[in-house]
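Since we're looking at a predicted model, the values are computed, not measured.
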Amino acid sequence: MGTVITIIVVVLVVLVAAGALYAYQRRKTAQLQERFGPEYERTLEERGDRKEALRDLRAREQRREQLDVHPISAESAERYRAEWTGLQQSFVDTPGEAVTQADRLVLRMMREAGYPVDDFDQRADDISVDHPEVAQNYRQAHQIAVAQTQGQVTTEDLRQAVTAYRRLVTVLLETPASRNGHTDPKDYS
């Protein structure tokens, strides 16, 4: 009889441990889903496997923790705002050139903020940790900028690219105190 009770206790302990592990994993998944929002869904769709998508998002967070990302200085922010205003005004006469300039402006801003800028896909993944709400906009805008160099876009495509770049420019120019709902990536490690 003692052996049966021992087996039952061991089975119960294993079941409780498995349930706790399952609940922990669900909570972590929910945190990533909440943190990354639409970027979570995009990554899940791209990867085709939930575990692989979660691994990817966690790896992005870990990589981001290693970066020295910081707000753009007030001086630079004013200079970038002025450049952005001029760029938007130039869109009417030269929409293709405005998109090219927007792509370069965002690259400079990201570099100054401390993001590595060598590889576009990595850059988009890095920005998705801090600003998941604009990461997809950035991908779309950059895709249009590349297609524009090959003459494969319409004026409407170019307008959408500038609008998408504007969203990224806006978040890059925000100060930490002005961000609503921004959470430090370390909160989810």
**Asked** Is the closest side-chain donor-acceptor distance between Q66 and Q62 under 3.5 Å?
**Response** no
**Asked** Can a donor-acceptor pair be found between the side chains of Y80 and R108 at a distance below 3.5 Å?
**Response** no
**Message:** For the CD atom of Q88 and the OG1 atom of T163, what is their distance to the nearest 0.5 Å?
**Reply:** 8.0 Å
**Item:** Step-by-step salt bridge (charged side-chain N to carboxylate O under 4.0 Å, His left out) determination, E133 to R167
**Value:** CA-CA 9 Å; E133 70 282 3; R167 291 179 186 123; over 6 Å; no
**Asked** So, does H70 use its side chain to make a donor-acceptor pair with the main chain of E112 at under 3.5 Å?
**Response** yes
**Message:** Go through it in stages, so that I can follow the logic: the residues are Y138 and R123, the test is side chain to side chain contact (heavy atoms under 4.5 Å, CB included), and I'd like the CA-CA distance, side-chain angles, deciding distance and then a yes or no.
**Reply:** CA-CA 10 Å; Y138 183 36; R123 203 166 52 238; 2.8 Å; yes
**Request:** Give a yes or no on whether R50 atom CZ has more than 12 heavy-atom contacts from other residues, nucleotides or ligands under 6.0 Å away.
**Result:** no
**Request:** For the pair E39 and R60, evaluate salt bridge (charged side-chain N to carboxylate O under 4.0 Å, His left out) and give the outcome as yes or no after the intermediate values.
**Result:** CA-CA 12 Å; E39 186 66 13; R60 289 183 200 184; 2.7 Å; yes
**Prompt:** Do we see a donor-acceptor contact under 3.5 Å between the side chains of S128 and R64?
**Reply:** no
**Request:** Give a yes-or-no answer on whether the side chains of Y115 and D130 include a donor-acceptor pair shorter than 3.5 Å.
**Result:** yes
**Request:** Any chance you could lay out the side chain to side chain contact (heavy atoms under 4.5 Å, CB included) test for T43 and E52, step after step, and finish with the verdict?
**Result:** CA-CA 9 Å; T43 305; E52 192 174 324; over 6 Å; no
**Asked** Around Q143, counting heavy atoms of other residues, nucleotides and ligands shown, do more than 12 lie under 6.0 Å from its CD?
**Response** no
**Prompt:** Which atom names give the shortest non-hydrogen contact between A145 and Y165, and what distance separates them?
**Reply:** CB-OH, 3.6 Å
**Message:** Keeping T85 on the side-chain end and R81 on the backbone end, is there a donor-acceptor pair under 3.5 Å?
**Reply:** yes
**Prompt:** What is the minimum heavy-atom distance between A141 and A164, and which atoms define it?
**Reply:** CB-CB, 3.8 Å
**Prompt:** Between the side chains of Q122 and D126, does any donor sit under 3.5 Å from an acceptor?
**Reply:** yes
**Prompt:** S90 side chain to L87 main-chain N or O, any donor-acceptor pair under 3.5 Å?
**Reply:** yes
**Message:** Counting neighbours of CD on E75 that are heavy atoms of other residues, nucleotides or ligands and sit closer than 6.0 Å, is the number greater than 12?
**Reply:** no
**Message:** Walk me through whether W84 and L173 qualify under side chain to side chain contact (heavy atoms under 4.5 Å, CB included).
**Reply:** CA-CA 11 Å; W84 179 253; L173 291 175; 5.9 Å; no
**Message:** Would you compute the distance between atom CG of L44 and atom CG of D49 and round it to the nearest 0.5 angstrom?
**Reply:** 8.5 Å
**Shortest non-hydrogen contact from I144 toward A161** = CG2-CB, 3.7 Å
**Message:** Is there a side-chain contact between E61 and R35 in this structure, where contact means two heavy atoms from C-beta onward sitting under 4.5 Å apart?
**Reply:** yes
**CA sep, side-chain torsions, deciding dist, call: R42, E45, salt bridge (charged side-chain N to carboxylate O under 4.0 Å, His left out)** = CA-CA 5 Å; R42 188 200 69 77; E45 185 177 313; over 6 Å; no
**Prompt:** If you take all heavy atoms of L172 and M110, which pair is closest and at what distance?
**Reply:** CD1-CG, 3.8 Å
**Prompt:** More than 12 heavy atoms of other residues, nucleotides or ligands under 6.0 Å from CD of E46: is that the case?
**Reply:** yes
**Prompt:** If two hydrophobic side chains count as joined below 4.5 Å and joins carry through other members, does V16 share a cluster with I8?
**Reply:** no
**For A59, all residues meeting side-chain contact (heavy atoms from CB on, under 4.5 Å), sequence neighbours excluded** = none
**Request:** Check the hydrophobic clustering (I, L, V, M, F, W, Y; side-chain heavy atoms under 4.5 Å; chains of links allowed) and say if V14 and I5 are grouped together.
**Result:** no
**Prompt:** Can you tell me if T6 and T3 form a side-chain donor-acceptor pair at under 3.5 Å?
**Reply:** no
**Stepwise side chain to side chain contact (heavy atoms under 4.5 Å, CB included) test for L168 and M109** = CA-CA 10 Å; L168 182 55; M109 291 174 73; over 6 Å; no
**Message:** Please check this pair: side chain of S73 against backbone of S76, looking for a donor-acceptor N/O pair closer than 3.5 Å.
**Reply:** yes
**Asked** When you check the side-chain N and O atoms of T100 and Q148, is any donor under 3.5 Å from an acceptor?
**Response** yes
**Message:** I'd like to know if the side chain of T149 and the backbone of V146 have a donor-acceptor N/O pair within less than 3.5 Å.
**Reply:** yes
**Request:** Give the minimum heavy-atom separation between R139 and F120, together with the two atoms involved.
**Result:** CA-CZ, 3.8 Å
**Fill in**
For F91 and T155, the nearest pair of non-hydrogen atoms, with its separation, is CZ-O, 4.1 Å
